[in-house]
Q: 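First the structure, then my questions, so here it is.
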Amino acid sequence: MTGAFLAGLVAGYGVAVPVGAIAVLILGLSARTSLRVGAAAALGVATADGLYAAVAVLGGAAVAELLTPVAGPLRLVAAAVLLALAGHTAWRALRPRPASAGAGDGRGLDTPGRAFAGVLALTMLNPATVVYFAALVLGRGEADDPGRAAAALFVAGAFLASASWQLLVAGGGTLLGRALTGPRGRLATALLSSAIVAALAVVTLLGR
C-alpha cells in the first residue's frame, strides 16, 4: 500500500514539476492578485491531475488508447485558450481604469472561484496527462486489478504531489508580487506573464 502512495507521489511530481504555461499562469495570478487566487488555481491543477490519475488507474490502456486520437485537437484548443488568457491579461494591464479598481475586481481569473474553475478546465484539456499516468500504471503491472486501496493511495499521492508543487509556485508568485507592489511593477509582471504564456501557447501549438 505504501508503494502505491509513493508511486503516486513520484508520478504527481513528474507531471507537475516541469514549468509550463500553467505554472507561469499561476505565478502571474499570485503576483498580480493574492495568494488565495493563486492557491485556488494551484488546487485546480492538482484536482485535474488527481482526476486524470484516477481515470488512468481505472481505465489503464483503454483510456490512453481512447484519448490519443483527440490529443491533437485538444492541444489546439488549449493553445487557443492560453493565447486568449495572455491577450486578456495584457489588455487588462494596459487599459486605463479608475484608481479605486483593485486587482481582485472579479473579472477573468482574478477571484478564487474563477481561478479554480478556469485553471481546472484548462488543465483538463491536456490528455497527455492521463496517458502519462496510464503508462506508469501499466508499467507497474496493476492496470488489470489495481485494488481499491492501492488505486486510492496512488491517486492521493498524485494529488498531494501536484498540490504541494503548485502551491509552492503560487507562494513564489505572492513573494514576487510583494516585491513589485507599485503600478509599474504590476504592469511589468502582467506583461511578462502574458508574453511567456503566449510563447508557451505557440510552443504547445507547434508541438502537435
Side-chain angles (χ1 to χ4, degrees), residues 12-13 15-52 74 77-126 129 158-205:
Y13 281 122
V15 77
V17 169
V19 175
I22 297 296
V24 174
L25 182 61
I26 293 173
L27 191 70
L29 280 173
S30 295
R32 296 192 309 275
T33 57
S34 67
L35 180 59
R36 287 182 60 203
V37 174
L43 291 177
V45 177
T47 300
D49 288 343
L51 289 173
Y52 268 153
L74 286 180
V77 174
V81 172
L82 287 170
L83 285 173
L85 285 172
H88 179 71
T89 300
W91 173 74
R92 289 196 58 208
L94 292 171
R95 72 186 177 99
R97 56 180 176 173
S100 60
D105 58 5
R107 299 181 181 181
L109 300 179
D110 289 348
T111 65
R114 292 184 180 185
F116 176 85
V119 175
L120 169 63
L122 183 58
T123 308
M124 293 294 290
L125 288 173
N126 183 17
T129 303
F159 173 83
L160 289 175
S162 179
S164 63
W165 179 260
Q166 303 301 344
L167 287 171
L168 180 64
V169 172
T174 301
L175 293 176
L176 177 63
R178 289 176 179 175
L180 300 171
T181 54
R184 291 185 179 179
R186 295 285 180 172
L187 176 62
T189 56
L191 293 179
L192 179 61
S193 174
S194 297
I196 295 175
V197 170
L200 290 170
V202 173
V203 170
T204 299
L205 185 63

Q: Return the minimal non-hydrogen interatomic distance between Ala40 and Pro112, and the atom names on each side.
A: CB-O, 3.2 Å
Q: With sequence neighbours left out, what residues match Thr47 under side-chain contact (heavy atoms from CB on, under 4.5 Å)?
A: Leu51, Phe116, Leu120, Phe159
Q: Roughly how far, to the nearest 0.5 Å, is the CG atom of Asp49 from the OG1 atom of Thr123?
A: 7.0 Å
Q: Verify, without hydrogens or angle tests, whether Ser164 (side chain) and Ala161 (backbone) share a donor-acceptor contact under 3.5 angstrom.
A: yes
Q: Quick check: closest heavy atoms across Leu167 and Ala42, and the distance to 0.1 Å?
A: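 Answer, listing the atom of Leu167 first, then Ala42: N-CB, 3.7 Å.
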Q: If every non-hydrogen atom of Ala41 is compared with every non-hydrogen atom of Ile26, which pair is closest and at what distance?
A: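 What the structure gives for the nearest pair is CB-CG1, 4.0 Å.
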Q: With a 3.5 Å distance limit and no angle check, can you tell me whether Ser30 reaches the backbone of Thr174 through a side-chain donor-acceptor pair?
A: no
Q: Say you draw a straight line from CG of Leu27 to CG of Leu168; how long is it, rounded to the nearest 0.5 Å?
A: 10.5 Å
